[in-house]
Amino acid sequence: MEVLKNKKTLQDFIERQKEMGKKIGFAPTMGALHDGHLSLYEAARKENDLVISSIFVNPTQFNNAEDLEKYPRDLNRDLSILENSGLVDAVYLPEVEDIYPEKTESQHYNYDGLENEMEGKSRPGHFDGVGTVVEELFRQVKPDNAYFGEKDFQQLMIIKKMVEKKQLRINIKGVDIFRAKNGLALSSRNQRLTEQRRDDSKIIFETLIRVKDEFKDKSVSEIKERVNEIFSNQENMELEYFLIADENTLKEISIKENGKSYRAFIVVNVDGVRLIDNMHLD
Ligand code: PAF
């Protein structure tokens, strides 16, 4: 596996690959790799000649300095995971100046309102930071296909929108949420939970399964009431939000309409760690 430590080395590498006509699959990450990331590489491996990942903890997408500081970082561990997986041909490790040559600040994006829902409300500026880093990485890596987990479903939709608006010729592929045996969606943040809390957190997945079932014959307000009740009885957990939204606009709904697709979204703080999950509803 090639380890590309700056923009210049990456650019030389990409140029050689493009000359050879290689189809590039790309999965950007912020490190603290887990099996969810490996599932992105597996998807990329099937559809491309070359798989590239990047590890860069992007400062502009954190609206909370403490969250940025506490974000788990262990480059040696990540590199050995990548090497041992045998799924990745090259990893790009940009320095801050490679992404932000002038000022470490976000550009402003208009994602047709997708940015104003859910995470956009809870984390102001977050999606400007995501758009800025992902657009820059796309321009440097020049992938044919790029892979993102559906755990961050709003991020996936926003990146699709950014690519469409900027007319970048990159296919954005969503990859199913990778879950632990107990159903907890894998996330780098899970590392900050004790084993006991990780086990307790299976209630998030169990609740989503229940919502999916109840969505067939219960009203949205009945479902929301039930979810609030479930979490009000959980010690050490605080429900930040639960809502059901139109899968295309991400706008919260209160009434179901025929012919539309819906998805349930949930954020729970467990011992101060923010866990996010979602599920498609039939
Ligand atoms: O999902 C992530 O890990 C990050 O938001 C991303 C897409 C790598 C951008 O920093």
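Owing to the predicted nature of the structure, the values given are computational and were not obtained by experimental measurement. Just follow the structure's listing: the first ligand is 1, and inside any ligand the first atom is 1.
- Between Glu15 and Lys18 there is no salt bridge, since no side-chain nitrogen of the basic residue lies less than 4.0 Å from a carboxylate oxygen of the acidic one.
- Alongside Leu33, the hydrophobic cluster contains Met1, Val3, Leu38, Tyr41, Val51, Ile55, Leu75, Leu79, Ile81, Leu82, Leu87, Val88, Val91, Leu93 (criterion: ILVMFWY side chains under 4.5 Å).
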Which atom pairs, one a donor and one an acceptor, fall under 3.5 Å between side chains of residues 19-27 and the rest of the protein, sequence neighbours left out?
none

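- Each of Lys121, Glu119, Glu252 was evaluated against Tyr241; a single residue qualifies, Glu119, per the side-chain hydrogen bond (donor to acceptor under 3.5 Å, both in side chains) test.
- Evaluation of the side chain to side chain donor-acceptor pair (under 3.5 Å) rule for Arg73 yields no partner, not counting sequence neighbours.
- Between Lys46 and Glu42 no salt bridge is recorded (no basic side-chain N to carboxylate O distance below 4.0 Å).
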When you check ligand 1 against the protein, what N or O pairs turn up below 3.5 Å? List the atom names and distances, or just say none.
from     : atom 1 : to     : atom 2 : distance (Å)
ligand 1 : 1 (O)  : Gln155 : NE2    : 2.8
ligand 1 : 5 (O)  : Gln61  : NE2    : 2.9
ligand 1 : 5 (O)  : Gln155 : OE1    : 2.7
ligand 1 : 10 (O) : Gln61  : OE1    : 2.6

